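In what follows, a structure is listed as structure tokens, so that the remarks can point back to it.
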Protein chains: 2
Amino acid sequence: MVGKSYPGVMTAMPTPSTQAPSDGDYLRLDQQICFSLNAASRAFGGVYRVILKDLGLTYPQYLVMLVLWEHGELPVKKVGEHLRLDSGTLSPLLKRLETAGLVRRERSAVDERSVHVHLTDEGTALRERALRVPRRIAAATGANLEEIRELQARLDRLTAALDAAALDPAALDAAGADVS
Amino acid sequence: MVGKSYPGVMTAMPTPSTQAPSDGDYLRLDQQICFSLNAASRAFGGVYRVILKDLGLTYPQYLVMLVLWEHGELPVKKVGEHLRLDSGTLSPLLKRLETAGLVRRERSAVDERSVHVHLTDEGTALRERALRVPRRIAAATGANLEEIRELQARLDRLTAALDAAALDPAALDAAGADVS
DNA sequence: CGCAATTCAATTGCGCACAACTTAATGGTG
DNA sequence: CACCATTAAGTTGTGCGCAATTGAATTGCG
């Protein structure tokens with residue numbers, strides 16, 4: 001198990017607000033939004049791990065199943081577009097889902113480059129047991145639906161901005177980026 | 001490279017708000033807060049990867065360096081508490097940082113179970129070059145400091161709630177958790 | 001003191017994320 | 001039709017993240 005107290009992380013105060021924050025302030029761990037994001041993401045992972053255990057799924061496997069439950073049969077490429085994952089991640093993951101008997105992979109007849117992922121009966125049936133997962137997750141967050149939605153909207157905007165920046169590294173060098 | 005369009009993820013609408021959401025609604029991928037969180041976390045990772053490349057650090061390595069720059073010499077245990085990481089992750093990571101010449105590890109004289117992580121001169125010097133990282137990240141997010149802080153506060157509360165839930169799995173079974 | 005329980009770091013094993021590369025099929029152009 | 005660029009999956013290699021285990025040092029308790 002991982003430690004459960006994180007001294008300083010959530011309590012340290014920034015430079016008093018009457019002064020402009022310095023570079024050093026920005027370097028402070030507790031100022032790092034990315035750290036909070038990363039921590040929240042891993043905390044979610046921990047909860048999902050517990051909840052998904054009796055479905056026999058990991059969290060990324062669960063995401064793939066969600067996509068298939070929503071859209072039915074899809075080529076690997078499309079699954080990847082929905083989840084932002086490439087074949088390097090999906091190929092072995094799908095192989096494990098296939099071994100578990102939840103999906104089948106079939107090379108497309110019309111385009112033999114692509115592989116279509118189908119749900120097996122067992123995979124389809126698993127959805128019934130998965131139905132209660134989101135409510136359990138919601139309970140674990142202790143947050144209301146309103147707050148969750150707003151947080152999600154914020155995160156999606158952030159992701160879009162970051163994706164745009166990653167595609168245009170020059171933008172990262174914008175000298176005097178106004179962050180205050 | 002990973003795909004850059006994610007059809008349906010951010011556009012699909014929930015059940016009309018005059019009706020209570022069904023379990024099926026909750027299962028919809030675009031309803032999954034965790035997905036947004038995960039996506040944002042990985043998007044951050046992508047931006048950090050670009051920015052940290054010329055420091056020769058990965059993002060988790062950068063986090064460790066942040067902790068050391070802020071606190072100076074620390075036992076592995078303390079580093080792990082700050083970052084929520086255990087020795088299974090830290091031991092090999094620290095070994096790589098040591099190979100890179102940024103840190104030194106020394107077994108404590110007073111308690112020979114613990115290993116203290118020190119910055120080398122090179123590790124200390126790297127801080128100067130890291131000072132501009134946070135501003136570049138901030139620029140990439142396209143968000144202002146206010147928004148970032150608020151998001152961070154929300155995420156930290158979320159993480160705390162999730163940690164609490166993970167430590168008490170029974171709470172996850174709260175039957176009619178009110179999420180609306 | 002003596003011995004069991006605890007603590008710390010390291011190791012092992014598995015799965016994911018991602019870059020880089022390979023292989024095979026497709027499609028467009030001359 | 002021949003050739004080449006493009007596209008889809010898969011493969012390889014590196015580095016986390018975490019559970020589980022190991023081994024050594026320390027602490028606590030009778």
Side-chain angles (χ1 to χ4, degrees), chain A residues 1-4 34 38-50 52-53 56-64 74-81 83-100 105-117 163 166, chain B residues 1-4 34 38-50 52-53 56-64 74-81 83-100 105-117 163 166:
Chain A
M1 196 54 179
V2 126
K4 44 192 168 183
C34 55
N38 193 29
S41 183
R42 285 192 284 130
F44 253 117
V47 173
Y48 268 104
R49 197 170 302 114
V50 172
L52 292 176
K53 184 146 59 186
L57 295 175
T58 65
Y59 175 58
Q61 289 166 7
Y62 172 68
L63 290 181
V64 168
L74 282 178
V76 173
K77 184 75 186 325
K78 288 289 179 192
V79 176
E81 285 174 358
L83 297 177
R84 247 171 147 42
L85 293 171
D86 63 17
S87 67
T89 301
L90 286 174
S91 287
L93 189 158
L94 290 169
K95 200 176 295 183
R96 283 186 286 271
L97 285 180
E98 188 166 41
T99 302
R105 289 181 302 162
E106 279 172 17
R107 202 155 279 276
S108 165
V110 298
D111 182 347
E112 294 197 357
R113 288 171 305 180
S114 94
V115 169
H116 289 246
V117 185
D163 280 343
Chain B
M1 197 55 179
V2 125
K4 44 192 170 180
C34 55
N38 195 28
S41 183
R42 284 192 285 130
F44 253 116
V47 172
Y48 268 104
R49 197 169 302 113
V50 171
L52 292 176
K53 185 147 58 187
L57 295 174
T58 66
Y59 176 58
Q61 290 166 7
Y62 172 68
L63 291 181
V64 169
L74 281 178
V76 173
K77 184 75 187 329
K78 287 290 178 192
V79 175
E81 285 174 358
L83 296 177
R84 247 175 147 44
L85 293 171
D86 64 15
S87 66
T89 300
L90 285 175
S91 286
L93 188 158
L94 289 170
K95 199 175 296 183
R96 282 186 286 270
L97 285 181
E98 188 166 40
T99 301
R105 288 180 303 163
E106 278 171 18
R107 203 156 278 275
S108 165
V110 298
D111 183 347
E112 294 198 356
R113 290 171 304 181
S114 93
V115 169
H116 289 247
V117 185
D163 281 344

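Each chain gets a letter, A, B and so on, in the order its sequence line appears, and its residues count up from 1. Just so it is clear, the model here is predicted, and its values are computed rather than measured.
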- Item | Phosphate OP1/OP2 of D:dC16: any B:Arg96 side-chain N/O under 4.0 Å | yes
- Task: Look at all strands and tell whether B:Ser114 reaches a base, only sugar-phosphate, or nothing, counting heavy atoms closer than 4.0 Å.
- Result: sugar-phosphate
- Message: Can you identify which nucleotide, out of D:dG10, C:dA19, D:dT26, has its nearest atom closest to the A:Val76 side chain?
- Response: D:dG10
- Task: Both distances under 3.5 Å, Watson-Crick or G-U wobble: report the partner of D:dT27, or none.
- Result: C:dA4
- Is the shortest side-chain N/O distance from B:Thr58 to OP1 or OP2 of D:dC16 below 4.0 Å? yes
- Item | A:His116 or A:Asn38, whichever maps to the more 5' nucleotide of DNA chain D | A:His116
- Hey, is A:Glu81 close enough to A:Lys78 for a salt bridge, meaning N to O under 4.0 Å? yes
- State whether A:Arg84 and A:Asp163 are salt-bridged, where the test is any N-O pair (Lys NZ or Arg NE/NH1/NH2 against Asp/Glu carboxylate O) under 4.0 Å. yes
- Message: From CG of B:Leu85 over to P of C:dA9, roughly how many Å is that when rounded to an integer?
- Response: 13 Å
- Message: Determine whether a donor-acceptor pair (one donor, one acceptor, N or O, separation below 3.5 Å) exists between the side chain of A:Arg113 and the base of D:dT7.
- Response: yes
- Note on the structure: Closest to the 5' end of DNA chain D, once A:Arg42 and A:Leu90 are matched to their nearest nucleotides, is A:Leu90
- May I ask you to verify if any side-chain N or O of A:Arg49 is less than 4.0 angstrom from the OP1 or OP2 atom of D:dA19? yes
- A:Thr89 near the nucleic acid: base, sugar-phosphate alone, or nothing, with a heavy-atom cut-off under 4.0 Å? base
- Task: Evaluate side chain to side chain contact (heavy atoms under 4.5 Å, CB included) for A:Leu94 paired with A:Val115, printing each intermediate quantity in order.
- Result: CA-CA 11 Å; A:Leu94 290 169; A:Val115 169; over 6 Å; no
- Task: Look at the side chain of A:Ser87 and the base of D:dA8, then say whether one donor and one acceptor between them are separated by less than 3.5 Å.
- Result: no
- Item | Flag side-chain contact, heavy atom, 4.5 Å: B:Thr58 against B:Leu52 | no
- Message: Could you tell me how far apart A:Gln61 (CD) and C:dA17 (P) are, to the nearest whole angstrom?
- Response: 10 Å
- Tell me what A:Pro75 touches on the nucleic acid: a base, only sugar-phosphate, or nothing, going by heavy atoms under 4.0 Å. sugar-phosphate
- When all nucleic acid strands are considered with a 4.0 Å heavy-atom cut-off, which category describes B:Val110: base, sugar-phosphate, or nothing? sugar-phosphate
- Query: Reckon A:Ser91 has a side-chain N or O less than 4.0 Å from the OP1 or OP2 of D:dG10?
  - Reply: yes
- Report the distance from atom CZ of B:Phe44 to atom C1' of C:dA17, rounded to the nearest whole Å. 18 Å
- Message: Is there a side-chain contact between A:Lys95 and the phosphate of D:dT11, meaning an N or O under 4.0 Å from OP1 or OP2?
- Response: yes
- Task: Please round to the nearest 0.5 Å and tell me the distance separating atom CG of A:Asn38 and atom CZ of B:Arg42.
- Result: 12.5 Å
- Looking only at side-chain N and O atoms, does A:Arg105 come under 4.0 Å of OP1 or OP2 in D:dG10? yes
